[in-house]
Amino acid sequence: MTSLCHAGRMTRTPSDADYRLLVENVLDYAIFMLDPTGRIISWNAGARRIKGYREADILGRNFAVFYPAEDVAAGKPVRELETAVAVGRLEDEGWRIRQDGTRFWANVVITALFGADGELRGFAKVTRDMTDRRAAEQALSDRRRLLAHMVEAQEVERRRIAWDVHDDSIQSMVSVGMRLQLLAGQLPAEHAAAVTQIDDAVRGTIGRLRDLIFRLQPPEIDEDGLARVLGEHLAQLGIAHTLSYDLAAEPSQETAITLFRICQEALTNVRKHARASTVDLAVVAADGGIRVRVTDDGVGVGSLERLPHGEHFGVIEMRERAEIAGGWLSIGAGRDGGTTVEFWLPAVGL
Amino acid sequence: MTPLTVLVCDDDALVRAALRDVLTAEPDLEVVAVAEDTDEAIAMAERHEPAVVVLDLRMPGGGGTRAAAEIGTRSPRSRILAFSAYGDARSVGQLQRLGVTEYLLKGASNAEIVAAVRRLGVST
């Protein structure tokens, strides 16, 4: 008789029939028994779902039928039973074969079952199909590898552009500037002034190209660590600043570079457009990743929409970098009407 | 008055020629040789023992730091003016340890270049 009373407390202990019902109907696990030689002597709904065999087709057969031929040849099924007997239990993850010959990635636990007399009665075998989880893990690790390659490729490309600008554009401008100054020295004053103006324009361009090279150069995170590289970058801004950095471990190379590049872009915007007197950079561990906030007290986010066309790309690039890395980025109001750039990156490799 | 002897080292042909002309235009300076890579810079410094070497930091064959170290032993009285398009704090630090004290970014005016060469020449 089955009855429940007082707050759901069971009034009786389950019978053997209850246990059989439980085991037979579990769908997510293949639960079955082997005799001491490895022959299958029971089957459940989960075993049928995962492995494909009907009870009548599998009872009496050796459990080695679930293993790939190479594992059988290597004696793995026999060894697993021996281990279970020796230490009581064995857990394994690996490929197993369904009735239709397809493979699935299995988590397997084999427990040796001894009677009260200490004699081996057989084995309990519980198998889970981990194929989906394995595929998800694989996809995640593929994505991380891809991200690492992409960040690396971007940095290599930036370095190449930086050296191209250095070796070609700047050198040409420098020699033109020197020639113009020589020329100005040889011309009558009224013409010399015009040439000097051209030379000023050339020198302005050289300065901007040098800034470009500086921004393109890869940060030396490898040698100095992220906190120091960020600190040095802030110091070069020429604006009062604070840096709070609270991470337990150094992030992976690609995460560190992504984080640095976004900060660099945000701080370039502060320097060029915000007319801020202070900027605060905070890097903290949050939600299984890293949250970064760049806050200034400048003229505010409204001005960002009025940026010249090309500068919008800075904002787009920041957001793209964060999203490609699996994170997010948002821009909002900062202190005293200034701007806040906030982003989060998953802590790959932490 | 004997002019100050100068060696010009730059791998960019246009910059090299412009530097030579800028320095030659000054009556108290004499460009005794030009070099277009690191090995040539070292060889020319050893041969001419110039008072001043104007040295590009980024050149084929090891660049300015190697040239500065070699010139320091082969022509110890030569003083070096480092001349670079990019202010790399690390290589500047390395050069300082090699005794290079004058450093100009490319884009400096002709007058600044000439003044730096004279300053170095005077101190030899």
Side-chain angles (χ1 to χ4, degrees), chain A residues 158-187 192 195-224 228-229 231-236 238, chain B residues 6 8-29 31 34-38 54-65 81-94 103-117:
Chain A
R158 281 180 160 240
R159 192 191 312 245
R160 194 185 63 72
I161 296 170
W163 287 128
D164 278 357
V165 171
H166 178 283
D167 292 345
D168 189 88
S169 315
I170 287 193
Q171 310 295 334
S172 303
M173 302 298 272
V174 164
S175 67
V176 167
M178 291 163 84
R179 293 282 175 204
L180 286 170
Q181 288 169 53
L182 275 176
L183 187 61
Q186 294 157 2
L187 288 173
V195 173
T196 301
Q197 269 186 357
I198 302 174
D199 177 51
D200 288 345
V202 168
R203 283 211 272 163
T205 306
I206 292 171
R208 286 191 295 280
L209 287 175
R210 191 175 290 123
D211 280 351
L212 176 67
I213 293 181
F214 179 72
R215 291 210 310 275
L216 289 172
Q217 284 294 343
E220 310 224 3
I221 295 168
D222 271 2
E223 292 165 38
D224 296 345
R228 184 159 164 206
V229 167
E232 284 174 358
H233 197 74
L234 275 169
Q236 282 158 350
Chain B
V6 185
V8 169
C9 313
D10 200 307
D11 63 327
D12 187 276
L14 289 173
V15 174
R16 199 163 60 233
L19 260 179
R20 187 194 57 217
D21 291 354
V22 164
L23 297 173
T24 305
E26 303 298 319
D28 59 331
L29 305 179
V31 176
V34 293
E36 57 181 74
D37 60 36
T38 309
V54 181
L55 184 64
D56 184 13
L57 288 188
R58 189 171 145 88
M59 282 192 299
T65 42
L81 169 59
F83 193 52
S84 167
Y86 174 63
D88 170 6
R90 261 164 230 271
S91 50
V92 171
Q94 270 179 316
Y103 180 85
L104 273 185
L105 273 181
K106 286 186 179 176
S109 71
N110 292 358
E112 289 170 300
I113 298 168
V114 168
V117 170

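So you know, we letter chains A, B, ... as the sequences are listed, proteins then strands, and number each from 1.
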Side chain, backbone, both or neither: which part of A/Leu182 has an atom under 4.5 Å from a heavy atom of chain B?
both
Under 4.5 Å from a heavy atom of chain A, the part of B/Leu19 involved
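Its backbone and side chain both get close to chain A.
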Sort B/Arg58 into side chain, backbone, both or neither according to what part of it lies under 4.5 angstrom from a heavy atom of chain A.
side chain
Who wins among B/Ala111, B/Ser109, B/Ala25, B/Ala17 for the most heavy-atom pairs under 4.5 Å with chain A?
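If we count pairs closer than 4.5 Å to chain A, B/Ser109 comes out on top.
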Hey, does the side chain of A/Gln171 reach the backbone of B/Asp12 with a donor-acceptor pair shorter than 3.5 angstrom?
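Not a single qualifying donor-acceptor pair exists.
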Between A/Met178 and B/Asn110, what is the shortest heavy-atom contact and its length?
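In this case the closest contact between A/Met178 and B/Asn110 is O-ND2, 3.1 Å.
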Of the listed residues (A/Ile170, A/Leu209, A/Asp167, A/Val176), which shares the most heavy-atom pairs with chain B below a 4.5 Å separation?
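Looking at each option in turn, the highest pair count goes to A/Asp167.
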So how far is it from B/Ser84 OG to A/His166 NE2, rounded to the nearest 0.5 Å?
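Here the interatomic distance stands at 4.5 Å.
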Which members of residues 199-207 of chain A, sorted by number, sit under 4.5 angstrom from chain B on a heavy-atom basis?
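Checking residues 199-207 of chain A against chain B gives A/Arg203, A/Ile206.
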Is there a side-chain contact between B/Leu14 and A/Arg179, using heavy atoms and a 4.5 Å cut-off?
no
